[in-house]
Amino acid sequence: MGRAERKAEAREEIVRREQHRERRRQISRILHKPATERSPGERQLLQNYGELVQELERQRQRRERLRGREQEAAAIPDYRGPSGVWTLLNKGQSVSTGDLSEAEPTFTHMCIARLHRAGLVQHVVSQNCDGLHLRSGLPRDATSEVHGNMYIEVCTSCSPHREYVRLFDVTERTALHKHNTGRFCHKCGGELRDSIVHFGERGKLAQPLNWVGAVKAAKKANVILCLGSSLKILKKYHCLWGMNRPSSRRPRLYIVNLQWTPKDAVATLKIHGKCDEVMRLLMDELKLDVPEYNRSLDPIFSMAVPLHPGEEASHTRKLIKAAETPNASPDQLPPLSPQGLSGGWFGKGCTKGRRKK
């Protein structure tokens with residue numbers, strides 16, 4: 001084939017591609033119209049290009065599934081990732097988020113707490129900062145909030161560190177490498193700091209990060225359940241995955257996620273589904289009842305430390321409001337820890353109806 005022929009063929013290929021792109025745009029515009037508003041010519045065009053219509057419809061369904069995944073986690077936004085709330089705010093960009101004071105533990109949060117009480121989940125590692133595992137009733141020593149908790153500020157001048165659980169988001173004045181909250185320790189007068197580990201930072205606080213508890217649980221685990229996490233960050237924490245063990249002795253990994261994760265290839269089972277739906281099936285299989293979240297039983301209210309006089313103006317965030325206390329049976333009450341207060345779960349003997357995230 002001569003040079004002129006190759007150039008002519010290349011031009012024809014460019015024209016074909018552009019015609020295909022224009023056809024896709026035309027079909028897409030028609031599909032966005034209600035069926036009753038399509039002209040006879042448009043309906044005929046859809047029939048003539050049935051394969052293209054099916055391809056565009058599959059793409060639309062994939063987009064909807066991804067949007068559902070993004071909206072699933074209790075309507076709580078991402079905080080510390082490249083597109084997280086605090087990352088964008090630190091860059092001077094505006095963000096739109098829901099009222100976090102109105103967020104409540106989801107059905108999945110309550111399932112995890114119930115599985116812990118049943119002895120099937122030993123430890124929870126969460127990369128969320130929303131404090132919802134605490135509020136679901138998980139005991140503090142069974143939880144590692146490895147990226148911090150937006151309701152906890154800490155005095156690092158006290159030894160051991162003194163924590164203050166609040167009923168409001170303590171991060172109003174904090175940012176990347178700027179962690180002082182503007183309040184002071186009631187004991188020593190030292191400056192309080194938030195517990196958040198921003199993208200690009202290394203967390204050093206013992207609590208609420210609780211890396212000691214996470215690593216200890218990981219060494220004993222024979223099952224790891226991962227729910228809703230992309231695992232793009234958690235995959236880097238090699239101490240959580242038992243990779244130093246012989247392959248035959250590593251924990252079985254179960255993942256529930258609507259999107260691909262970097263651990264899919266090594267998972268015992270990957271389920272493309274919504275966490276609440278999958279967990280409902282699991283709890284039915286295990287014949288375990290799941291109590292509904294009850295704000296009047298939320299442990300955060302008993303753990304919260306009131307502000308001192310004069311500190312009321314130190315923040316403008318909305319408080320988590322308590323509900324009226326109903327009569328509750330003992331088995332509804334979440335376990336409380338006097339020391340205070342997601343991600344994967346580390347469990348033993350949890351083999352029935354497994355789906356893991």
Side-chain angles (χ1 to χ4, degrees), residues 1-73 77-96 127 176 198-202 226 228-238 241 243 247 250 253-274 356-357:
M1 181 183 296
R3 180 179 180 185
E5 293 173 317
R6 290 195 299 270
K7 291 178 68 174
E9 187 175 275
R11 284 194 297 270
E12 291 176 0
E13 178 63 22
I14 291 173
V15 171
R16 283 195 297 270
R17 290 179 181 177
E18 182 55 37
Q19 289 175 341
H20 181 69
R21 283 195 291 268
E22 178 56 34
R23 185 67 66 197
R24 286 177 63 91
R25 287 192 288 266
Q26 185 181 15
I27 297 297
S28 182
R29 286 193 295 268
I30 296 173
L31 291 175
H32 277 83
K33 289 184 178 182
T36 56
E37 297 181 10
R38 297 169 187 166
S39 68
E42 290 173 334
R43 290 194 290 271
Q44 184 61 49
L45 193 62
L46 294 181
Q47 291 180 4
N48 293 342
Y49 291 91
E51 290 185 3
L52 182 55
V53 170
Q54 292 177 10
E55 179 186 346
L56 292 172
E57 179 62 19
R58 286 194 295 269
Q59 292 179 352
R60 182 191 66 80
Q61 292 174 356
R62 283 197 296 269
R63 288 194 298 270
E64 289 183 353
R65 286 196 298 269
L66 288 174
R67 279 196 294 269
R69 165 65 185 87
E70 292 167 356
Q71 296 170 0
E72 179 182 342
D78 176 38
Y79 299 103
R80 61 184 296 283
S83 300
V85 171
W86 291 317
T87 306
L88 295 179
L89 289 174
N90 196 50
K91 294 179 179 178
Q93 301 179 31
S94 62
V95 296
S96 176
Q127 61 188 104
L176 179 69
H198 288 271
F199 190 75
E201 292 182 329
R202 183 180 295 275
C226 297
S229 171
S230 70
L231 299 181
K232 292 177 181 178
I233 301 297
L234 287 179
K235 71 171 184 179
K236 301 176 182 179
Y237 301 139
H238 301 294
W241 303 101
M243 299 307 292
S247 58
R250 291 172 188 166
L253 174 61
Y254 299 87
I255 298 173
V256 176
N257 205 308
L258 287 172
Q259 59 185 332
W260 174 89
T261 82
K263 288 289 187 179
D264 286 359
V266 297
T268 301
L269 178 65
K270 164 68 182 294
I271 292 182
H272 294 270
K274 293 185 176 182
K356 222 1 202 135
K357 84 170 213 276

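Being a predicted model, the structure only gives us computed values, none of them experimental.
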Once you round to the nearest 0.5 Å, how far does [atom1] of [X] lie from [atom2] of [Y]?
X      : Y      : atom1 : atom2 : answer
Lys270 : Asp264 : NZ    : CG    : 3.5 Å
Tyr237 : Gln127 : OH    : CD    : 7.5 Å
Leu269 : Leu253 : CG    : CG    : 9.5 Å
Leu31  : Leu56  : CG    : CG    : 6.0 Å
Ser229 : Lys235 : OG    : NZ    : 11.5 Å

Does the pair Lys263 and Val266 meet the rule for a side chain to side chain contact (heavy atoms under 4.5 Å, CB included), with working shown? CA-CA 6 Å; Lys263 288 289 187 179; Val266 297; 3.9 Å; yes
Step through the shown structure and confirm whether more than 12 heavy atoms of other residues, nucleotides or ligands are within 6.0 Å of CZ on Arg16. yes
Taking only residues two or more places apart in sequence or in another chain, which ones pass salt bridge (Lys or Arg N to Asp or Glu O under 4.0 Å) with [X]?
X     : answer
Arg21 : Glu18
Glu55 : Arg24
Arg17 : Glu13
Glu22 : Arg25, Arg29

Contacts satisfying salt bridge (Lys or Arg N to Asp or Glu O under 4.0 Å) that involve residues 30-48 (not counting sequence neighbours) are Lys33-Glu42
Given Leu231 and Trp241, is the side chain to side chain contact (heavy atoms under 4.5 Å, CB included) satisfied, shown in steps? CA-CA 11 Å; Leu231 299 181; Trp241 303 101; 4.0 Å; yes
Residue set satisfying side chain to side chain donor-acceptor pair (under 3.5 Å) with Glu9, at least two apart, ordered chain then number -> none
Taking only residues two or more places apart in sequence, or in another chain, which ones meet Arg250 in a side-chain contact (heavy atoms from CB on, under 4.5 Å)? Met243, Arg245, Ser247
Is any side-chain heavy atom of Leu45 closer than 4.5 Å to a side-chain heavy atom of Arg23? yes
How close do Ser230 and Pro262 get, counting heavy atoms only, and between which atoms? O-CD, 3.2 Å
